[in-house]
Amino acid sequence: MSRYNARTVEPKWQKAWEDADTFRAVRKDNRDKYYVLEMFPYPSGRIHIGHVRNYTMGDVIARYKSSCGFSVLHPMGWDAFGMPAENAAMASGGHPKDWTYDNIAVMREQMKPLGLSIDWSREFATCDPDYYGQQQALFLDMLAANLIYRKEATVNWDPVDMTVLANEQVIDGKGWRSGADVERRDLTQWFFKISDMAEELLDAIDGLDNWPAKVKLMQANWIGKSRGLRMAFNLTETIADFDNIEVYTTRPDTLAGASFIAIAPEHPLARALAEQDTKLADFAIDVRKGGTTEEALETAEKLGYDTGLTVKHPLYDGQTLPVWVANFVLMDYGTGAIFGCPAHDQRDLDFARKYDLTVIDTFVAIDDDTRVESTAFVPPKTDTVKWINQPAGVDVATGQEAIDATIEWAETQGIGTGETQFRLRDWGLSRQRYWGCPIPVVHCEDCGIVPEKKENLPVELPDDVNFDIPGNPLDRHPTWRDTPCPACGKAAKRETDTMDTFVDSSWYFARFTSPDAEDPTNADDAAYWMNVDQYIGGVEHAILHLLYSRFFARAMHLTGHLPASAIEPFNALFTQGMVTHAIYQTRDGAGRPVYHLPEDVDEAAKTLRATGEPIEVIPSAKMSKSKKNVVDPVDIIDQYGADTARWFVLSDSPPERDVEWTAAGADAAWKFLGRVWRLATDLPEGSDTDPALERATAQAIHEVTQGIETFGFNKSVAKLHEFANTIQKSDAGPGAKRQAIKTLAQLMSPMTPHLAEEIWSHLGGEGLIANASWPKADEALLVEDTVTLPIQVNGKRRSELTVPKDTPKEELEKQALADNAVMRALNGAAPKKLIIVPGRIINVVV
RNA sequence: GCGGUCGUGGCGGAAUUGGUAGACGCGCAGCGUUGAGGUCGCUGUGAGGUAACACUCGUGGGGGUUCGAGUCCCCCCGACCGCACCA
């Protein structure tokens with residue numbers, strides 16, 4: 001009996017597939033296609049085990065669909081622009097381009113031994129001038145189609161390094177390198193008009209049948225459609241040309257509880273006042289230190305500045321409300337001004353308590369008149385509450401009814417109008433950085449902003465740049481900016497902003513359908529291959545990447561680059577979980593954790609091997625180099641082979657959940673594959689058959705197939721274990737076993753393709769297993785003729801009954817009541833109730 | 001802070017979607033094989049209880065709906081993901 005040697009077997013079959021060009025995606029117009037795509041990786045330098053899990057799942061689908069007869073497209077590329085390359089250049093002096101392409105080369109070589117069924121001939125990186133040149137062409141078409149415009153937007157500004165910072169470069173409100181307090185600065189930037197499509201993007205979510213409900217919900221919440229009231233509060237005196245303040249509120253029903261007006265520090269009125277009031281000007285600057293993230297704004301301490309102005313209360317003649325400038329009011333949303341109703345909004349309440357403003361209840365719970373003290377009363381809009389004070393005159397109603405009534409009342413009174421707002425903002429695509437796709441426009445003194453001519457694309461990044469000083473090297477390049485104006489030919493300057501890397505990843509799936517086309521896409525290829533039938537990636541992309549891609553597909557359709565059928569580019573989405581690993585730590589003298597590599601730890605004794613010191617084990621933690629709990633796929637493949645790694649990442653955890661990598665689990669996977677190989681060897685030919693094995697085979701085919709179809713790979717793996725156990729324990733003859741094992745190999749082939757090929761060829765299978773058709777279950781063998789029904793007494797299982805499948809209800813009743821456990825429970829009495837669900841369960845209530 | 005998800009034996013997890021909780025695997029124990037083993041095979045394994053049954057408890061905690069709840073509803077606790085310039 002030969003021992004299975006992955007180290008020689010795996011490269012052998014990888015070469016066989018390559019020689020036969022097995023995985024080349026070929027457009028066959030008479031055949032159905034299937035497009036499987038995993039979110040492409042950022043070339044960080046090494047693949048990690050999360051990549052292995054992601055690509056293995058995609059590979060299972062790709063190989064399975066291929067053996068079902070589909071023409072499969074399964075490509076791979078690189079999301080290659082972005083900050084880490086510039087950071088590396090700053091840290092060690094290299095060039096982002098070299099760093100990126102070197103990393104890609106390393107990662108490609110690490111990925112190939114996994115035996116993925118990828119059509120590598122379609123590979124590209126988003127930093128290839130060919131790719132980003134096509135992206136520039138898309139930009140120009142979208143600009144012409146009025147899908148892109150310029151406006152001012154706020155960025156994080158590091159006043160010491162004199163550069164724009166990404167949110168992740170702002171740590172506790174300070175610049176990551178300089179440590180200076182981050183300021184906010186307005187720059188004129190390019191924007192995609194995604195908000196014009198807010199309604200459409202929201203409505204179309206309903207049609208995404210094969211997307212996870214949670215992702216659809218998150219997208220809908222992100223788009224954030226709300227109906228509210230826009231109304232003006234008249235100032236008691238006109239100041240700097242303002243005679244009122246417009247507010248937008250989604251809770252107009254709380255108008256009677258208004259006790260102050262708050263405006264954003266960037267509100268035009270606040271700015272006008274700040275010109276005269278240096279304290280307010282200082283306040284506005286002070287309050288905007290720290291980052292621009294929504295999280296930073298919302299968790300910051302609520303601060304306000306009393307302008308001394310007042311507005312007239314729209315409901316009560318003679319009453320006025322004070323006007324404050326407040327840091328928690330955002331200029332981006334609504335009108336940049338709100339009325340504060342402390343009784344029914346926690347932020348407003350915190351603010352009111354801090355600055356001693358009044359709190360006026362407008363409604364209370366139906367059965368509890370308690371007034372608001374330190375916790376705002378904010379029931380769901382669907383709850384019915386009792387109104388103490390309501391301009392529209394309702395007294396008991398749900399929040400939503402009161403909102404609708406108030407809007408109607410306000411409209412008839414002429415003090416406001418109902419308005420639908422979206423939370424979704426336009427997508428700012430400008431980045432003040434080098435390593436991105438240059439925005440192909442030219443600034444001309446005479447003509448203004450002029451699009452570059454398409455024949456001059458790609459506008460390539462210059463190579464001769466350095467990163468010695470912070471800031472954008474394109475800005476300070478001696479010649480790169482100089483170019484003739486595409487309109488008048490006079491000397492002009494190029495735009496130095498580059499594109500957000502989300503742009504790169506918003507259409508790569510379309511480019512894969514025709515990676516060498518001379519336009520962004522080829523109409524025939526796009527029509528054939530789009531949409532992506534199965535998209536697989538992490539939940540962290542649930543909102544931005546997927547929403548931007550949905551927008552882009554629509555924009556590409558409007559500019560003639562995608563067919564109308566492709567405006568929702570991903571037919572099915574699957575979000576997979578992380579691969580985690582335990583952290584092993586001890587404590588230093590100061591109680592800080594000291595991390596240890598798994599190989600330095602005695603897992604069973606929970607001690608450090610070298611010193612015997614006890615360790616703390618933190619299970620299921622995200623892998624992180626600094627915590628020394630990273631598993632390198634390259635090591636795993638060296639030790640066990642790719643099939644073991646693939647089998648492990650599909651086992652145990654459902655794919656959408658996190659899976660914990662353990663050495664014991666990897667070992668178990670390796671042992672199982674060895675056992676399957678031993679089953680397949682030393683089996684003579686034979687023409688015998690075995691009905692029990694045939695039935696088990698039919699069941700395995702049925703359940704494994706269902707597992708793959710529903711992304712229940714862990715269930716398929718469990719079923720394959722059972723099937724292998726059944727074959728092993730069967731006393732059938734060699735012919736029947738050979739037949740069962742050939743099917744076992746086929747069922748395992750999407751998961752462990754190398755072992756499957758080896759067994760297939762060993763047992764005389766025809767050609768490559770990768771080209772064999774997926775086995776079909778004999779339906780007749782799947783039908784069971786008897787069922788075992790549990791018998792419950794008061795909902796607890798007490799016994800069971802095995803009967804022919806179509807036993808009538810009366811007979812079930814009779815047999816159940818004759819059951820020993822039931823008779824014991826009844827103790828001579830008649831049952832109170834008898835519930836019989838045919839084929840399911842019998843429940844006797846006593 | 002806002003939005004979203006998850007919580008089941010010693011461990012990873014299953015449960016046909018309201019119908020036998022713990023499939024499958026790891027670990028552990030016993031037996032056999034090997035007798036060099038990071039080998040292989042068989043059997044057992046939620047907790048309590050019993051000679052063995054019976055029985056009792058049990059799906060993060062508390063309450064509810066139901067003949068029946070891991071699954072549905074409410075409250076609480078904990079972990080994780082996203083929050084628009086990380087990718």
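Every chain is numbered from 1 and lettered A, B, ... according to where its sequence line falls, protein lines coming before strand lines.
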Classify the angle between the aromatic ring planes of [X] and [Y] as parallel (below 30°), tilted (30 to 60°) or perpendicular (above 60°).
X	Y	result
Y55(A)	H51(A)	parallel
Y548(A)	W427(A)	parallel
Y535(A)	Y508(A)	tilted
F711(A)	F574(A)	parallel

Identify whether any heavy atom of [X] sits under 4.0 Å from a base atom; if not, whether one sits that close to sugar-phosphate; answer base, sugar-phosphate or nothing.
X	value
V164(A)	base
A668(A)	sugar-phosphate
H545(A)	nothing
T299(A)	base
S44(A)	nothing
F40(A)	nothing
W222(A)	base
L789(A)	nothing
K302(A)	nothing
P41(A)	nothing
F502(A)	base
Q728(A)	sugar-phosphate
R423(A)	base
E301(A)	nothing

For [N] versus [M], give the span between their [atom1] atoms, rounded off to a whole number of Å.
N	M	atom1	answer
G70(B)	A23(B)	C1'	15 Å
A79(B)	C73(B)	C1'	23 Å
G46(B)	U8(B)	C1'	10 Å
C76(B)	G1(B)	P	13 Å
G32(B)	C24(B)	C1'	25 Å
U45(B)	G10(B)	P	16 Å
A47(B)	A52(B)	P	14 Å
C26(B)	C42(B)	P	12 Å

Kindly indicate whether the side chain of [X], heavy atoms from C-beta on, has any atom under 4.5 Å from the side chain of [Y].
X	Y	result
L208(A)	L573(A)	no
W157(A)	V164(A)	yes
T498(A)	Y132(A)	no
M90(A)	P470(A)	no
F502(A)	H545(A)	yes

Handout entry: Any-strand Watson-Crick or G-U partner of C42(B), both distances under 3.5 Å
Key =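 C42(B) is paired, partner G30(B).
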
Review item, nucleotides 17-19 of chain B N/O atoms under 3.5 Å of protein N/O:
| from | atom 1 | to | atom 2 | distance (Å) |
| --- | --- | --- | --- | --- |
| G19(B) | N2 | Q792(A) | OE1 | 3.4 |
| G19(B) | N2 | N843(A) | ND2 | 3.4 |

Exercise for the section: Respond yes when some side-chain nitrogen or oxygen of K796(A) is under 4.0 Å from OP1 or OP2 of C57(B), and no when none is. Expected result: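 True: K796(A) side-chain N/O within range (under 4.0 Å) of C57(B) OP1/OP2.
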
Practice task
May I ask you to evaluate whether N714(A) reaches the phosphate of A14(B), defined as a side-chain N or O under 4.0 Å from OP1 or OP2?
Solution key: yes

Problem - Length of the NE2-P vector between H541(A) and C83(B), whole Å - result: 10 Å

